[in-house]
Structures are given as C-alpha cells and as structure tokens.
K.L.:
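Take this structure first; my questions come after.
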There are 2 protein chains.
Amino acid sequence: MINKKDVTIYDIASKLNLSSSTVSRALRNSPSISKKTISKIKKTADEMGYRPNTLAASLRGNKSNSIGILVPTVKQPFLSSLISGIEVIAQKAGYNVIIAQSHDSYEDEVALTKALYGSRVSGIICSLAMHTKKTAHFQKFIDKKIPLVFVDRIPKDNIASRVMIDNYAAGRKATMHLISQGCNRIAYLAAGSDYSIFNERKKGYLNALKEANLPIEEDLIVKLDDVTYEDAIKATNKLLDLKNPPDAIFAPADILGVGVIKSAKIRGIKIPEELAIIGFNDDPIASIVDPELSTVYHPSVKMGEISASKILEYLKKPKSEDFMDISLLNTDVIVRASSKRK
Amino acid sequence: MINKKDVTIYDIASKLNLSSSTVSRALRNSPSISKKTISKIKKTADEMGYRPNTLAASLRGNKSNSIGILVPTVKQPFLSSLISGIEVIAQKAGYNVIIAQSHDSYEDEVALTKALYGSRVSGIICSLAMHTKKTAHFQKFIDKKIPLVFVDRIPKDNIASRVMIDNYAAGRKATMHLISQGCNRIAYLAAGSDYSIFNERKKGYLNALKEANLPIEEDLIVKLDDVTYEDAIKATNKLLDLKNPPDAIFAPADILGVGVIKSAKIRGIKIPEELAIIGFNDDPIASIVDPELSTVYHPSVKMGEISASKILEYLKKPKSEDFMDISLLNTDVIVRASSKRK
DNA sequence: TTGTATGCGTTATCAA
DNA sequence: TTGATAACGCATACAA
C-alpha cells in the first residue's frame, strides 16, 4: 500500500528522451507531432499508468473542466430529471458536473454563485430560487464571459440565455382544456411568488377565462404558502367549502394536483364529473395516482440536454463573442382520467 | 465589459507592501500573523475583489476540494434525496459535490471512477450499478488513501467503508408484518441481480416464511427484468393469474408497490382484504397513492449525511491511518392502508 | 517536427 | 512575526 507518486509528463518524457512539451502535445493529439511519436508516447503513458492532472491543466488554462448546476433542490422529480439530462451531455464532452442547492433561499443562491465562481466553473446552469428577484449575483459570470444559462425558473431581466417553456401559453392551454370539458368555475392554486414562472401560468389561466367570457372570481384563486402536497390539500378543502365550489381546479404542479385528488376523494367528490383536475409537469406520479392526473408536459430531460449543449457551444466560441439566445420549448396538455369528461 | 484579470495574493501583497506569503497566511488565519495584519489584509482583499483560486491551492496541495458522487441515476427519489443529504453536509464544509451517473452500467461505472480519480476528488461516495460484481476499479482510491464510502448498494467484498441498512432484517420485518396481518401466501417480486441488496431483502423474506412455518412456493417468487412500474404490473398480473394466487405481495421498492396496487385495482381485487401489499423506501409516492402503501422506511437523506460526514472525518485523519467502518442504520415498517388488515 | 523557458496562483520550507 | 524561493503539473510562446 505504498503511496506512489503520480506519473507526470516529465516522467514520460525522460523515459523516452523527449521533452515534456512534446509529450504534452502528443497526449492531446497535436497535429505538429508525428503519428509515430504520438503513438509511442501514448503507449508509454499507458504503461506507466499516467493520469492527466486536470487540476494543473485547469490552472494553466485558467478554466476548470466543470459545469456548475445551481438549483433549488435535487429532490423534485422535474429537477432531478433536468440534472440527469445535463449530466449525460456534460459527461460525454468530458465535463464534470458540480451540483449546488439553493433550497429556494435567495441568500444561499448568492453565496453559491460565489462558490461556483471561485471554483472556476467553465459554465453555469441555473434555475432560480423561488423568491429571487435581483440577479446582480450573476453579473460576475457575464462580465467574465463565463457561459450562463437559466433554465425553467428564469429571471425577469434579459441578462443571459435561457431554456424554458412558454408558461403563459401552457397555463392558457391547460385552462382551455378544462373549459372544453364543460367546466366553467375553474379554480387556480396560486403557488410561488409573483415573480416566478407560476405567475405566468396564472396569467395564462386568467386570459383563457377571459377569452371564454368566463368571470374571474377571486374566491377561486387560492394562494399557497408552499408548493407541497399538504398545502394543496388545505387549499382544496377551502375551495370545496365554498358556497359555490369550483367544478375544476388547475394545479400548476403535479404534486399539487395529487393533493387536490386526495382532498376530493376524501370528500367523496367524483373526479372528473364533479371536479375536473389538471396538474403540471408530467411527473411519474401523475400516471400512477388514481384517477390518473391530466397534466401539462414539461420536457425536463430535454431541457437539461439543451442547457448543457448551449454551454458547450458557447465554450467553443471565441471569448470576444457575446451570446444570448432563448429556447422556448413546446408543451402540450396530456389528457388523463382526472379531467376527461367528454 | 472588460475581462479584468483576477486579483491574486501578489496584488494584495504589493498594495500593502507585504509579501505574498504573509497574505496567504493571513487569509487562512495563520496564528503566526498578527491580528492587526490579518484584519488589514482581509479588508484589502475584500476591497480589491479578491477571490481565492481554489484550483491553484488544489494543485499545490495535490487535492481538490470536491467530493465525487457516483450513483446509478439521480432520477430515483431515494438517490436524489441521498444526494441532497450529501450536498448539504459537503457544502457546509466548503466542498463541491461532483455528480456522475453510471446508469446501472458496469462499464460506465468503471470509466467514471477513472474520470473522478483523474479530477482529484478528495473523496468518493458510491452506490453501485445494479450488476457490478467486481470492485477492482475502486482499488486506486484505496491505494491512494482517498476516502471511499459505499452507500446503500454496496459491494460484497469488504474493501471500504459503507453506509447501509440491514436489508436482510428489513426484508424479514416486512414479511413478518404481512404474516402478522394473517397473510400466508406471500409473493415476492424478485428485482435486481443476485448480487444486489435486493437479494438480501429476498433472503429476509424467505427466512421469515421459514420461521413462520410457511411453505416457500417458487410460483410466488416472480423475477423482474427491471425495477419499473410496468414490470411490477406485469409480474402482478402473472401472480394473480395463478390458480392459487397470493394473498399478499412484498415489493422491494415503492415504485413496484404502486404497480402492484395498480394491477390489483384494475382487476377489482380488494386491498388489503384480498391482497395486502408492502413496498420499500417510503418514497413520497407511497403516501400519495390510493390506498396508501405500507413500506419500509429507508433513511435516504440521513444516509447521505452520514456518508459525507465520514468522508470529511477521514480527510481530517493522517494519511497513514487506515479507515473502514460500517454504519448499519435501523429501518422500520411503516404500516399504511395497503396492508392493514387488523 | 521538436525543444526551451516561463507562468498559472497557491502553499510550504527555510531563513531572517 | 514576516519574507524569499521553490514547487505542484501542465501548456504555450518562441526558438531551433
């Protein structure tokens, strides 16, 4: 169990009577080195058990080989799928993926951007904390031309590239679907802050009602403290206690949707006949719960893949070039038993 | 948008007419520097917008400040919770967390250990791919005394520390619970390979039957190709098609358990009266599905926290010291509607 | 096509 | 208590 020192390019060089620079170039397939020398060097490197020191290379080049991911949590199905998509693409390109969780705290998010910045990530992919409004803490990445992509929970201001769905359109589609099923007292579970993507979904909901000439009733819009199963149950109970209860509920997250189902079932309310329900995300749970939950498809893995690809693409471009583009992904309603009345 | 160069300890030093070593020491609160100098240096560092270059420090010290996590996937609830636990502890201690997914492929796992090894992780936490039998690819960490902790899906051979539950005992407890509810034809969904923790759960199941003097019927042990909802439904259909079907099913993962519920409900079989069901993990879904799924508690976040703490603890110890310890966590059956007959 | 020399930013050793 | 210097391993500008 001897703690052998690592083999370096110098060791390889001296063994072959070459210079370290030749070895360095050969190992990276530099065209200026003869094929013969390259293969000889590579063979020897293998034999000697050489492992490149990415740390030294990073220091030298002033860039690490890692992509930072800053998300509220890794525990939500949507986000873990997103991360999975990022990791697969990054891995293929030889990048590490560094995870950081803001736990939906603005302060943590600020601290973590600092940490990621300090560890010289090559790029950063971020989904904002629920209540983040300011984005000054990302300015350092932009100033340094470090590729930055916001995904899903994006900021208001247009400071960097983003990968997102059209939450407004999605909210509108979901509501229109409920209307098409004959519902006309459609409630909305108002989760998230006024600055979040949830608010966009709400706008879509409001507009769909307007387009259908349905009245907007404040009673049917229930504010949630948190995006949790329990809060959804509470909110639903409140709605169903109304003198004039809703005939449909739009829950802008599946975990809320299953809460609605739970509450309705406990009260013996028939789904979807008396209460139609639609969620959001198409989490695995949506097709497992009984009745199966209608939802809006949210392409998590794909959004991760696109985000990572964007970072890689930016890294290839000359530093001088500015980059900023927006991927707006399509989403569709997935109709299941919880809302199929016709 | 000027690409300003980073401030280094030299810049701070020359501004204050000190040496770089003094600055370096001061920034790390070396006791050999006067309080006055320290505070002066720190203040100036702040003003100048200094950010320590962890890459350089890592190169110098031949160790990065990151912990590698190698798991089959981040998409399973158990694993994403585990990762969350690790990340929180690591973050607090100033470590980055690098994620790698083996996708349950032995070959990928081998390649990823190489990559993590190459990027000089300070420690590594691993949950093995489903079919990994050999562990030679971890030997390099052991040889180099790089802290290595296996968690949950651990290897057979006793090569490194591990954090795990007693899967045998858990399987036994789950089965005993079903027996206590009056079931005597208890089926088992045999997921995973013969080398996995699932096999331990199966042994617990078999032994519980034996202890209760119940016969072991091969027909009631159905082999699954994969740990998926769909495979569980298929397997359950097969079981319920038997001339003499089971009166209980032990599904060694909640995602399988909900598949069992689905299949039974479609066939109009009463749960738990005609078929009692227990899952494993206590994933969120277990308390959402209808009827709620009994399960075995699997302390995911805690296991992550313990794993990370172990790594940190090892990193404090002198390199010469060997370390190897086993955390065997307790698990209990959580009884819910899917198995409560009495 | 290959070699020489230097620097990336930090920390540790030795000296003052 | 502080300073000078070397070293970590690699990649590049410049020479040959």
K.L.:
Rounded to whole angstroms, how far apart are CG on B/Asp11 and P on C/dG9?
P.N.:
9 Å
K.L.:
What is the distance, to the nearest angstrom, from the CG atom on A/Leu59 to the P atom on D/dA7?
P.N.:
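My rounded result for the distance is 17 Å.
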K.L.:
Less than 4.0 angstrom between a side-chain N/O of B/Ser19 and OP1 or OP2 of D/dG3, yes or no?
P.N.:
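So the side-chain polar atoms of B/Ser19 do come within 4.0 Å of the phosphate oxygens OP1 or OP2 of D/dG3, strictly under.
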K.L.:
Once you round it to whole Å, what is the distance between P of C/dT4 and CG of A/Asn17?
P.N.:
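The distance from CG of A/Asn17 to P of C/dT4 comes to 11 Å, rounded to the nearest Å.
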K.L.:
Select base, sugar-phosphate, or nothing to describe what B/Asn62 touches, counting heavy atoms under 4.0 Å on all strands.
P.N.:
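It contacts nothing in the nucleic acid.
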K.L.:
Counting only heavy atoms and a strict 4.0 angstrom limit, can you tell me which residues of residues 22-45 of chain A come near DNA chain D?
P.N.:
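Result for residues 22-45 of chain A: A/Ser24, A/Arg25, A/Arg28, sorted by number.
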K.L.:
Quick one: which of A/Arg162, A/Lys302, A/Lys310 gives a side chain to side chain donor-acceptor pair (under 3.5 Å) with A/Ser327?
P.N.:
A/Lys310
K.L.:
Do the non-hydrogen side-chain atoms of A/Leu70 and A/Ile125 ever get within less than 4.5 Å of each other?
P.N.:
no
K.L.:
Rounded to the nearest angstrom, tell me the gap between atom OH in B/Tyr10 and atom C1' in C/dT10.
P.N.:
8 Å
K.L.:
Measure CG/B/Leu55 against C1'/C/dG7 and give the value in whole Å, please.
P.N.:
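So the two atoms are 15 Å apart, to the nearest Å.
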K.L.:
Would you say the side chain of B/Ser21 and the base of D/dA4 hold a donor-acceptor pair, judged only by whether the two atoms sit under 3.5 Å apart?
P.N.:
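A donor-acceptor contact between them is present.
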K.L.:
Once you round it to whole Å, what is the distance between P of D/dC8 and CG of A/Asn53?
P.N.:
11 Å
K.L.:
To the nearest 0.5 Å, what is the distance between CD on A/Glu305 and NZ on A/Lys92?
P.N.:
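Nearest 0.5 Å value for the CD-NZ distance: 7.5 Å.
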K.L.:
Check whether any side-chain heavy atom of B/Phe150 lies under 4.5 Å from a side-chain heavy atom of B/Ile159, and answer yes or no.
P.N.:
yes
K.L.:
How many whole angstroms separate atom CZ of A/Arg120 from atom P of C/dT10?
P.N.:
7 Å
K.L.:
Among all residues two or more places apart in sequence or in another chain, which pass the side-chain contact (heavy atoms from CB on, under 4.5 Å) test with B/Ser300?
P.N.:
B/Phe78, B/Ser81
K.L.:
Could you give the distance from OH (B/Tyr95) to OG (B/Ser64), rounded to the nearest 0.5 Å?
P.N.:
8.5 Å
K.L.:
Salt bridge or not between B/Lys133 and B/Asp157? Use side-chain N to carboxylate O under 4.0 Å.
P.N.:
no
K.L.:
Give the rounded distance in Å between these two atoms: CG of A/Leu18 and C1' of C/dT4.
P.N.:
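One finds 14 Å between C1' of C/dT4 and CG of A/Leu18, rounded.
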